[in-house]
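Below is one structure, written out as structure tokens; comments come after it.
Note that the structure is a prediction, hence the values are computed from the model and not measured. Note that ligands are numbered from 1 as they come in the structure, with each ligand's atoms numbered from 1 the same way.
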Amino acid sequence: MESLTLEPINAVAGEVNVPGSKSLSNRALLLAAVSTGTTTLTNLLDSDDIRHMLNALSALGVQFDLSPDKTKCTVQGMGGRFSCEKELSLFLGNAGTAMRPLCAALAFSDVNVELTGEPRMEERPIGDLVDPLIASGAHITYLKETGFPPLKIQGQAIDASRLEVDGTVSSQFLTALLMAAPLLTNDLEIVIKGELVSKPYIDITLKTMQAFGVSVDNNEYKSFHISADAQYQSPGEFLVEGDASSASYFLAAAAIKGGTVKVTGVGKASIQGDVAFADVLEKMGAIVEWGDDFIQVTGAPLNAVDMDMNHIPDAAMTIATTALFAKGTTRISNVYNWRVKETDRLHAMATELKKVGASVVEGHDFIEVTPPTTGLQHASIDTYNDHRMAMCFSLLALGDAGITINDPKCTAKTFPTYFQTFSTISR
Ligand SMILES: O=C(O)C1=C[C@@H](OP(=O)(O)O)[C@@H](O)[C@H](O)C1
Ligand SMILES: C=C(OP(=O)(O)O)C(=O)O
């Protein structure tokens with residue numbers, strides 16, 4: 001297997017313009033496809049997850065023009081539901097932001113499709129989305145395990161007026177229903193069962209829908225109402241913000257090493273909840289400066305934190321490796337759903353942190369990390385086909401022992417050029 005050894009880095013400094021947000025790229029592509037009018041998306045992310053969405057849209061007959069560097073895409077909106085006579089099989093890799101939203105949108109469309117993915121996708125739950133759709137008349141079948149992809153969808157117009165969705169495992173199920181709701185011709189009430197996780201991603205969904213002309217009544221994240229006359233209208237142009245989760249690695253590097261790093265493309269005007277990662281660094285002792293379109297961090301001695309990080313599930317992983325450079329025991333709590341993402345992230349993180357000498361407690365929904373007293377050890381880190389494992393553990397190069405990352409190309413899911421970009425802030 002390919003591996004990459006990072007020698008110890010003496011200092012970090014510089015400026016990084018992060019690539020476009022995965023969450024916004026895939027939401028905006030889907031909404032542009034079902035809008036009336038033509039949309040030009042700029043600063044689109046070029047990565048595996050986005051490629052899967054683009055391939056799916058293309059197979060469904062959506063016309064778009066992608067620039068040679070794949071960061072600008074002009075989409076001809078279809079003005080409503082998908083319609084395709086051919087039977088299709090759409091391979092969506094391990095992209096949750098393609099699988100879940102396409103599942104709901106296609107269930108309401110005139111299509112006959114199978115949605116498939118990588119082996120890990122077949123272990124990532126989707127029953128909390130599919131079951132309420134089936135209960136309201138959609139024709140969806142599980143092709144292997146009940147509750148998991150692959151799926152067969154025989155889409156059709158349904159006249160559901162109320163859907164109940166469990167919010168305790170993934171916010172992407174609610175996101176999928178919200179984005180698909182305007183494809184129905186009636187009023188829809190979506191009611192959340194249990195405590196909704198990853199709430200800021202719902203804000204991304206609602207704000208993106210708003211940009212495409214649809215307002216949703218949000219009753220304190222407990223229920224949502226979409227009116228029968230809601231219809232997507234192209235905004236003409238849509239600028240994808242830089243990815244706030246991708247920004248976390250560069251900001252953490254500055255916090256750990258003591259230099260100053262400025263990340264541009266995302267800032268205090270961002271609609272992504274993961275910008276709150278910078279607040280965690282500040283709480284740990286780093287100095288943070290904000291602009292509308294940038295975040296700048298200057299390092300200082302770091303102290304451990306004990307925090308509920310349910311609101312920033314992706315960037316919270318970066319705190320787990322940053323904790324190796326902080327004084328005391330860091331506790332990241334209320335992150336049960338790390339277990340159902342690209343890998344079981346609680347277990348993977350605990351296993352690999354132990355390899356560098358940390359003391360780790362892996363709980364059902366939390367992790368505690370205490371740095372070793374005798375210095376970090378060099379280790380060969382397994383990444384479990386999880387882009388964030390590779391990116392988080394690159395921060396170990398800021399210690400005295402360096403680090404070896406196995407399968408570094410797994411960052412292609414959201415950040416194919418990660419290691420090149422990381423080297424630009426290394427001094
Ligand atoms: O809606 C989104 O764009 C996402 C929601 C989050 O998932 P969960 O809601 O499953 O926590 C996040 O982890 C994922 O990377 C992207
Ligand atoms: C959980 C993630 O991805 P997905 O969109 O596939 O859920 C992630 O990018 O960390």
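The ligand atoms of ligand 2 that sit less than 4.0 angstrom from a heavy atom of Asn94 are 6 (O). If you number the atoms of ligand 2 from 1 as listed, the ones under 4.0 Å from a heavy atom of Arg124 come out as 4 (P), 6 (O), 7 (O). If you number the atoms of ligand 1 from 1 as listed, the ones under 4.0 Å from a heavy atom of Arg27 come out as 1 (O), 2 (C), 3 (O). The Ser23 neighbourhood of ligand 1 comprises atoms 2 (C), 3 (O), 16 (C), with distances under 4.0 Å to a heavy atom of that residue. Counting atoms of ligand 1 from 1 in the listed order, those under 4.0 Å from a heavy atom of Asp314 are 12 (C), 13 (O), 14 (C), 15 (O). Atoms of ligand 1 lying under 4.0 Å from at least one heavy atom of Ser198, given by number and element, are 8 (P), 9 (O), 11 (O).
For Met317, the heavy-atom gap to ligand 2 stays at 4.0 angstrom or more. Under a 4.0 Å heavy-atom criterion, Thr97 is in contact with ligand 1. Proximity of Met389 to ligand 2 is not established, as no heavy-atom distance is less than 4.0 Å. In this structure, Met99 falls outside the shell of residues with a heavy atom less than 4.0 angstrom from ligand 2.
A salt bridge does not link Glu189 to Arg162: none of the charged side-chain nitrogens sits closer than 4.0 Å to a carboxylate oxygen. With respect to the salt-bridge test (charged N to carboxylate O, under 4.0 angstrom), the residues Glu342 and Arg120 do not qualify. Between Lys72 and Asp46 no salt bridge is recorded (no basic side-chain N to carboxylate O distance below 4.0 Å). Ion pairing between a basic and an acidic side chain is recognised when a charged N comes within 4.0 Å of a carboxylate O; Lys355 and Asp382 show such pairing. Electrostatic pairing of Glu362 and Arg339 counts as a salt bridge here, judged by a charged N lying under 4.0 Å from a carboxylate O.
Between Ser170 and ligand 1, a contact under 3.5 Å exists for at least one N or O pair. At least one N or O atom of Lys22 sits closer than 3.5 Å to an N or O atom of ligand 1. Looking at ligand 1, you won't find any N or O of Thr175 less than 3.5 Å from one of its N or O atoms.
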Audit row: Lys268, Val275, side-chain contact (heavy atoms from CB on, under 4.5 Å) steps and yes/no: CA-CA 8 Å; Lys268 68 168 184 273; Val275 292; over 6 Å; no
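Among protein heavy atoms, atom 9 (O) of ligand 1 sits closest to Ser171 OG, 2.5 Å.
With a 4.0 Å heavy-atom cut-off, ligand 1 is reached by no atom of Val340.
Ring-plane geometry between Tyr418 and Phe422 is classed as parallel, the angle between the planes falling under 30 degrees on a 0 to 90 degree scale with a further cut at 60.
Nearest to atom 8 (P) of ligand 1 by heavy atom, out of His387, Glu342, Lys341, is Lys341.
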